[in-house]
2 protein chains.
Amino acid sequence: MSPRRSVAEARQTRADILACGMRLASVEGLEGLTIGRLAAELGMSKSGVLGHFGAKEELQLAVIDAAAEVFAREVAEPAGTAVPGLRKLTALCAAWVSYLERRVFPGGCFFTAAAAEFDDRPGRVRDTIAGLVSVWDRDLYRQVRTATADGDLPADTDADQLVFEVSSVMLGLNNALQLRRDTTAPARARRALGRLLGTPVLMVALLAALCQARLRLG
Amino acid sequence: MSPRRSVAEARQTRADILACGMRLASVEGLEGLTIGRLAAELGMSKSGVLGHFGAKEELQLAVIDAAAEVFAREVAEPAGTAVPGLRKLTALCAAWVSYLERRVFPGGCFFTAAAAEFDDRPGRVRDTIAGLVSVWDRDLYRQVRTATADGDLPADTDADQLVFEVSSVMLGLNNALQLRRDTTAPARARRALGRLLGTPVLMVALLAALCQARLRLG
DNA sequence: CCTACCGATCGGTAGG
DNA sequence: CCTACCGATCGGTAGG
């Protein structure tokens, strides 16, 4: 309420702005995330919001960072305990499907939307999104290579090809959920992934259920 | 130059606006397609542009319609001569990959971008996009069913599943081309599609090349 | 973190 | 199809 606040209070305000910003941006886009709308939703003044970031682009980058932390918590972390290789690859895919199915962001996958919006606009926003996506792709790639070395995937597996196909399924799932509101899509995605990874569909579904349960409990 | 123009001139102006609007919207999005920017690019006044449509939403719908005609010309028409069933399905996929590879729209697939932008915003724009996508999906579905009845696809083929996976590959290809500027992606997409349709990769690539040649000639 | 501004641009209208 | 407007909103700044 007062102009002078403690460091802890300011940090909390910043976290509130980012939480609201992620929700807004996932629905309206990173450009549609305007300072005025954010301020109205938070009951703050525009300059109060902007003061935490200095400029809109910095706000956008901070929101992207916050969304990346959410994605890491929802996908990488649940799969973090799995053994590297096919097990971890399968766990990552299951957690990813679950993240999309549960609509962690109201507008669907934050990064798919952000990538589609900024893939034609050079700049720091585009570079940051592309960088994050490539880090996640590289992690998938590593697991595929390990699984191949372990003999859990065919020896002639083209790792880049498999990563491309797995990513495509995730994009297809997000699209079907968001545009067509197709609730059968998660099952289709699991089936497609099960075939790509040579894993029985039931195992993928089971792993997804386990991930959800773990998130609910812990 | 003058306020009074013939009907033919007015129609040409409208076509010019739509052509420019498709380019702009594929890069900046359907919301970033502003009347002022369009007017500046065309050397017209804002009210001169708006007069052809009445309101921004009508302009957006007209641009979507124009883009749908382009898509039909680029994908459905080249595959129009193929025999229904697996042949036509393969031809549709090949033309679709070619349409993405040639970057018919500077911002990548017009409808993937539009769907990602509007999938959370209820209204006529969203409904129109979803309707067009579902028409194209239904065409794919029909070809899969025919191919299955012909014995060109396994008898237990789940048509909805196959359409989901084919669409996913297209989304993956668009994403790889636009965000990662990955020029190897069309080959990966053809390979994935070849496996999904049980068609040798070379045949898909060949059909794509034929489609391109036909477009250049005719 | 606020009030009080700024110039620019938005979609749209009036009138010719 | 133009000029000349309108109120609303944009990102951002000054000053406290």
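Below, chain A is the first sequence line, B the second, and so on; all start at residue 1. Keep in mind that the numbers below use all heavy atoms, side chains included, and drop hydrogens, waters and symmetry copies.
Rounded to whole Å, the distance from CG on B:Leu38 to P on C:dG12 is 13 Å. In this structure, A:Asp16 atom CG and C:dC1 atom C1' are separated by 14 Å, rounded to whole Å. Nucleotide C:dC1 holds its P atom 10 Å from the CZ atom of A:Phe53, rounded to whole Å. As rounded to whole Å, 16 Å separates atom C1' of D:dG11 from atom CG of A:Leu30. Separating the CG atom of A:Leu33 from the P atom of D:dG12 is a distance of 12 Å, rounded to the nearest angstrom. Rounding to whole angstrom units, CZ of residue A:Arg37 and P of D:dG11 are separated by 9 Å. Counting to the nearest Å, the C1' atom of D:dG12 and the NE2 atom of A:His52 are 16 Å from each other. Rounded to an integer number of Å, the gap from CD1 of A:Ile35 to P of C:dC2 is 14 Å.
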**Report entry** CA sep, side-chain torsions, deciding dist, call: B:Arg124, B:Thr128, side chain to side chain donor-acceptor pair (under 3.5 Å)
**Finding:** CA-CA 6 Å; B:Arg124 291 207 290 157; B:Thr128 303; over 6 Å; no
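Within the 4.5 Å cutoff, side-chain heavy atoms of A:Pro186 are placed close to those of A:Arg190. Put simply, the side chain of B:Trp96 reaches to within 4.5 Å of the side chain of B:Phe71, judged on heavy atoms.
A heavy-atom distance below 4.0 Å to DNA chain D is reached by none of the residues of residues 56-67 of chain B.
Under a 3.5 Å cut-off, the side chain of B:Ser98 and the backbone N or O of B:Ala94 do not form any donor-acceptor pair. Side-chain atoms of B:Asn174 come within 3.5 Å of backbone N or O of B:Cys109 as a donor-acceptor pair.
Both the sub-6.0 Å distance and the 45° axial angle are not jointly satisfied by A:Arg138 relative to the ring of A:Tyr141.
Under the rule for a salt bridge (Lys or Arg N to Asp or Glu O under 4.0 Å), the partners of A:Glu165 that lie at least two apart in sequence or sit in another chain are B:Arg195. In this structure B:Asp139 satisfies the salt bridge (Lys or Arg N to Asp or Glu O under 4.0 Å) test together with B:Arg142, sequence neighbours excluded.
Here D:dG11 is the nucleotide among D:dG11, C:dC2, C:dG12 with the atom lying nearest to any side-chain atom of A:Thr34.
Looking at heavy-atom distances under 4.0 Å, A:Leu50 makes contact with a base.
Residues B:Gln143 and B:Arg87 have side chains that never bring a donor and an acceptor to within less than 3.5 angstrom of each other.
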Show every donor-acceptor pair shorter than 3.5 Å between a side-chain atom in residues 32-40 of chain B and any protein atom, with sequence neighbours excluded, or say none if there are none.
| unit_1 | atom_1 | unit_2 | atom_2 | d |
| --- | --- | --- | --- | --- |
| B:Thr34 | OG1 | B:Arg37 | N | 3.2 |
| B:Arg37 | NH1 | B:Glu28 | OE1 | 3.4 |
| B:Arg37 | NH1 | B:Glu28 | OE2 | 3.4 |

Table of protein N/O atoms under 3.5 Å from nucleotides 3-7 of chain D N/O atoms:
| unit_1 | atom_1 | unit_2 | atom_2 | d |
| --- | --- | --- | --- | --- |
| D:dT3 | O4 | B:Ser47 | OG | 2.8 |

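A salt bridge links B:Asp158 with A:Arg188: the distance from a Lys NZ or Arg NE/NH1/NH2 to an Asp or Glu carboxylate oxygen falls below 4.0 Å.
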**Report entry** Bracket notation of DNA chain D in which parentheses pair within the strand, [ ] cross earlier pairs, and | pairs with another strand (Watson-Crick or G-U, under 3.5 Å)
**Finding:** ||||||||||||||||
